[in-house]
Every structure is written in C-alpha cells, then in structure tokens.
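Chain identifiers are assigned alphabetically (A, B, ...) following the order of the sequence lines, protein sequences preceding nucleic acid strands; residue numbering begins at 1 within each chain.
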2 protein chains.
Amino acid sequence: MNQRVKPSPPASPAPRQGKNGDGAERHEAIHRSISDAIIEHRLKPGARLREDALSEVFGVSRTGIRKILQRLALEQLVTLTPRRGASVTRPTADEAKDVFDARQMVECGLMSDIARRITQDDIVTLKDMAQREREALRSGEQSVAIRLSADFHTYLARVSGNRTLADFVERLCSRSSLILAVYGNAGHLGCESHDHQDLIQYLEDGKGERAAAFMGRHLKAIEASLSIVEEEDEAPNLFDIFAP
Amino acid sequence: MNQRVKPSPPASPAPRQGKNGDGAERHEAIHRSISDAIIEHRLKPGARLREDALSEVFGVSRTGIRKILQRLALEQLVTLTPRRGASVTRPTADEAKDVFDARQMVECGLMSDIARRITQDDIVTLKDMAQREREALRSGEQSVAIRLSADFHTYLARVSGNRTLADFVERLCSRSSLILAVYGNAGHLGCESHDHQDLIQYLEDGKGERAAAFMGRHLKAIEASLSIVEEEDEAPNLFDIFAP
DNA sequence: TCGGTATATCTCGTATACAATGGGGATATA
DNA sequence: TATATCCCCATTGTATACGAGATATACCGA
C-alpha cells in the first residue's frame, strides 16, 4: 500500500542503540514524519497510533514515542484517551468553526504588517509555492497540494515578523488540514487554484487593505465549501430521533 | 551532600498508586502548581527546575515530572536546554513585543463577540474579580493581583465562545506575567487599578466598539509601563563595546 | 597567584520491566 | 439466534536502572 518510505532508516530493523547522532534531531524528524502524514491525510482522523507499532517503525523505544505523542496531542493533531492510547484527532463542527474564525481574525489582521515587510525574495518563494500547488492540484496529487497550501499560509504569516502569531497560524493550518479531511468534499479541496496567486499580486503591489479583504473572502470560501454536518456516530441521541 | 531523604512513602514500594482514582488528575494538579508558581512570580525567570527535586516534592517519579515539564515547555513557561535541564523562561525583548502585539490583535478583535454574548452572570463574576484584584493591589499582595489580572483577561476571552482563541489568550497572559517579572517596574505593575472595572462597564452597556478601543489602550499602557531594555548578560557583544 | 588539566559529581536521556485496566472474543443461556 | 457474562490478552501508565554529557572542584605546575 503505502510504500512511501518516509522514515529515514527503513531497512534497519534493530539499530537499537540510540546511535551516536543527536537524539533530539531524531525526535524532531519523527515528529515531522507523523505530523506530515496527518496533515497530508495519509493518516486519517480516527486512525489509531499504537506506541509499540510506532516505536518499531522508527526504531526508538516507546519512551521517545510517548514524548512525541504528547507533543502532538498538545498541538491537537492527535487525541490521547486515558487507557485507549492515541488516535488522529477528529475535529468537531464547533472546533472547525472556531479554527476558521481564528484564522479569519489573525491572518487578515496580519496582512498590513505582511504587506509592509514582504521582500522580493519572499514574493519569489511564495509564487513558486503557489505555482507548485496549482500543478499538484491539476495532476491530482491531493496530499502535496494540501501540504503546499498549508505551507503557503504559514510562510505568509512568518513574513509578518511576529513569531508568536506565526506559530499560532501554523497550528491553525495544521488543524484546518484535519478539518478538510473530515468535512471537505472530495471534489474540490480548500483553496481555489489561483486565489493564492492573486493574493501575492496584491501584496506585491503593496495593497495591504485589499490583500486583507481578499484573504477574508478566501477563508470564507474555504469554510463555505465544507459540508459541516456533525456525524453523530458517537451518541446517536435516540430521543431526538424517535421522539415525536 | 543531599542524603536522599526517601521519597514520601518509603515503606510502600509498590502500592504507590495515587489511589485518588485517577493519576491524570494528580498530574494536572502538579502542572497547575508549577504553572501558578511561575505566573505568580514565586518562581522567577531563570530559576532552575531540577527533575529530582520536583519528583521528591510532589511524590511522583521523574517520569511524571518530565511529562509535565515537557508540557510547560510547549506552553513556553519553562525552557528546556538539552543537557542542562529545565528553567523558568526568561522572555527576550522581541518575544515581549510579539506577545503584546498578539494580545492587541486578538483581545481587541474578540471584544465585539464578547459584548454580544456576555451574560449577567459573567458580569457579576468579572466585577468580583476586578474588585478582588484592586484589593490585592492595595494590600500589596502582588502575587494575588498578578494572578487575578491574568484570570480576568482569560475569563473575558472565554466569554467569546471561541475556545481556540481563548486558549491562545490564556497562554499569552501567562507569558505576559513572565514578561512583567523581567521587565516590569517594581513600583506599579501591569493593569491600572480601575481599568478592568471601566472595561466591564462598557461591556455591560453593550458598547463593543468602545470596549475594544479601551482594551487597546489598556494593553498599550501596560506595554508602555515596561522598561524593555534587553539585559545582555548572555552575549555582551564585545564588538559594540570595544570597537572604536 | 594564576591558569590548565583531570577527576568527581550531578543531572538528564533512553531503555526496559512490571502492574493495572479496559476491551474483545468465546461461551453459555434464554 | 440473539444477548449477556466472564475471562484473557493487548495496550498503556509508572517506576527504575543504567549510561552519557556537562559542570564544578581540586590539584599541580609555572
């Protein structure tokens, strides 16, 4: 199935020893691997993440895996249930609304700073990302497109120079990706194909106000494209269903 | 030197089990304890937090302490340096600016929603908090005042109904408390005494716009009261000092 | 008296072992 | 055949043991 051999040492079954190399780097890499898999929908909401399996796949002991899982839980990408272990978070409809409202506020609010501070290099990078995203969309590589879309928004936020807010936007984008996985229609995903390119144009022209307004519409459009119907497999609420 | 004064239950090696039903509860309580101590300035920026000492104080093993420390690190209240252990974070001047800019954006942006959704019960609670804060300030109980001030802002954000943004504000307030500890003047701390009460009045009258503007000035005032001079004990920058 | 080196100790990082709990499957019964 | 019950096992939670890195100290030499 998934022969994407993302984990760096795939063929090494028992490189037990923590190895000389920096252990922290390794953990960082593992975190990225799992995080990427979730964001790119290769791991779907609800998927269980067993500690044993992960420790075997990545060749580190459960202790390290637990640490990474804790971190992912704080980033709200995975959910830790007391005796049941970890699973990919399945966002609720309320959470979805909160996330998009937050993005609306922060990403639009950042636009004026971004317009003021953006450099030519940034514009080149962003145009490249937008271009590659379009190509990915056209060739049907959903995973790549989703990743690039999130990266685009995150990169943009970083241009503002406010690290705290940029980190926040990054996490909101990750969660958005999860939301798309649950509530998105298979047909067209998130960002319209040339929205990002239009946005860059506004920024290149120094029109911060226009860019902010455009970003607002852009996010609203994504949110509107979702079919947010709370699937209540959890609590079928028989009263509501059978009461007259 | 430190003769290991046997962990709290010396005779009970195995039945250690917290017994309070849920061990997670215990961890939550410990997290709160440490978090509170930091926010209330009973633990000052730079203070070292040794795992052994904490595990002895709270009667849990280092494993549990590590988990809590990791979480505090992700909340940016403590800093984990690879082989040196944990210490209370000492925010930089840049971080301070970012945090206050973020608060400016989010807390003001939330005001219209807050004004729309606030209930009479909320107003009573908030008035009580503001009142107690004033009393604490007057009687010189800095720790209590700081805590109440952060709680006030956090509670307000929760009223908005957006949990994601409220959580973010909570973390910003915690970090602000840290910033106050480093850059605040001993004389008057953060919030002016009746600012909070005035703010509630605007909200009670349904004047969301005014409340937002007032919150903006309020935050700017706090920020302005700081003496943000990067103490460069870390890197004295000898070039600047000794270059002609 | 000052500086450099070696040792000692302290603290964290990682792995492993053991205990407890909850769920799933098998079985028995209506 | 369907449902309820019980037991075993899979999986996590916690503690502990061992190893490595870094810092502080002490000793020796100049």
Side-chain angles (χ1 to χ4, degrees), chain A residues 9 12-31 34 46-74 78-89 233-234, chain B residues 1-31 34 46-74 78-89 233-234:
Chain A
S12 44
R16 272 280 151 253
Q17 271 333 48
K19 305 278 257 348
N20 37 56
D22 200 329
E25 291 295 336
R26 180 117 190 75
H27 279 187
E28 196 64 30
I30 297 172
H31 174 88
I34 301 178
R48 292 196 54 183
L49 303 170
R50 292 190 307 107
E51 296 181 354
D52 275 355
L54 290 173
S55 76
E56 194 168 344
V57 167
F58 291 106
V60 296
S61 97
R62 271 182 51 214
T63 310
I65 295 295
R66 290 182 66 79
K67 193 162 79 175
I68 293 165
L69 250 23
Q70 301 275 349
R71 182 168 158 199
L72 287 166
L74 253 51
V78 314
T79 303
L80 255 39
T81 51
R83 303 276 174 191
R84 301 278 309 281
S87 59
V88 179
T89 298
D233 36 6
E234 311 284 355
Chain B
M1 211 33 165
N2 51 2
Q3 69 286 25
R4 39 220 49 231
V5 204
K6 70 288 170 171
S8 16
S12 52
R16 168 100 284 310
Q17 271 338 50
K19 241 56 262 164
N20 26 11
D22 208 331
E25 291 294 335
R26 178 119 191 77
H27 279 186
E28 195 65 29
I30 297 173
H31 173 89
I34 301 178
R48 292 194 55 182
L49 303 171
R50 293 190 303 108
E51 296 181 353
D52 276 356
L54 291 174
S55 75
E56 196 167 340
V57 167
F58 291 107
V60 296
S61 97
R62 273 182 49 218
T63 310
I65 294 295
R66 289 181 67 77
K67 194 162 78 174
I68 292 164
L69 249 23
Q70 300 275 348
R71 181 167 159 200
L72 287 166
L74 253 51
V78 314
T79 303
L80 256 37
T81 51
R83 302 277 173 190
R84 298 279 309 281
S87 59
V88 179
T89 298
D233 37 6
E234 311 285 357

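Side-chain nitrogen and oxygen atoms of A:Lys67 include none within less than 4.0 Å of the OP1 or OP2 phosphate oxygen of C:dG13.
B:Arg71 and B:Glu28 are joined by a salt bridge, as a carboxylate oxygen and a charged side-chain nitrogen come within less than 4.0 angstrom of each other.
Between B:His27 atom NE2 and D:dG13 atom P the separation is 10 Å, expressed in whole Å. In this structure, CG of B:Asp52 is placed 16 Å from P of C:dT9, rounded to the nearest angstrom. For the pair B:Leu54 CG and D:dA15 P, the interatomic distance rounds to 14 Å; values are reported in whole Å. In this entry the distance linking CD1 of A:Ile65 with C1' of C:dT16 reads 15 Å, nearest Å.
A donor-acceptor contact under 3.5 Å is formed by the side chain of B:Arg62 with the base of C:dG13.
In the set D:dG13, C:dC12, D:dT11, the nucleotide with an atom closest to the side chain of A:Arg66 is D:dG13. Of the candidates C:dG23, C:dG13, D:dT14, the closest approach to any side-chain atom of B:Arg83 belongs to C:dG13. Among the nucleotides D:dT23, C:dG22, D:dA15, the one closest to the side chain of B:Arg84 is D:dT23. Considering only side-chain atoms of A:Ser61, the nucleotide from D:dA15, C:dT16, C:dC12 that sits closest is C:dT16.
Side-chain contact of A:Thr89 with A:Thr79: a donor-acceptor pair under 3.5 Å is present, judged by distance alone.
No side-chain donor-acceptor contact under 3.5 Å links A:Arg50 to the backbone of A:Ala86. With hydrogens and angles disregarded, no donor-acceptor distance shorter than 3.5 Å links the side chain of B:Arg66 to the backbone of B:Ser61.
For the pair B:Arg48 and A:Gly64, both in contact range of DNA chain C, the more 5′-proximal nearest nucleotide belongs to B:Arg48. Of the two residues contacting DNA chain D, namely A:Thr63 and A:Ala86, the nearest-nucleotide position lying further toward the 5' end is that of A:Ala86.
Backbone-only engagement by A:Arg50 is indicated by non-hydrogen atom pairs under 4.0 Å involving sugar-phosphate atoms exclusively.
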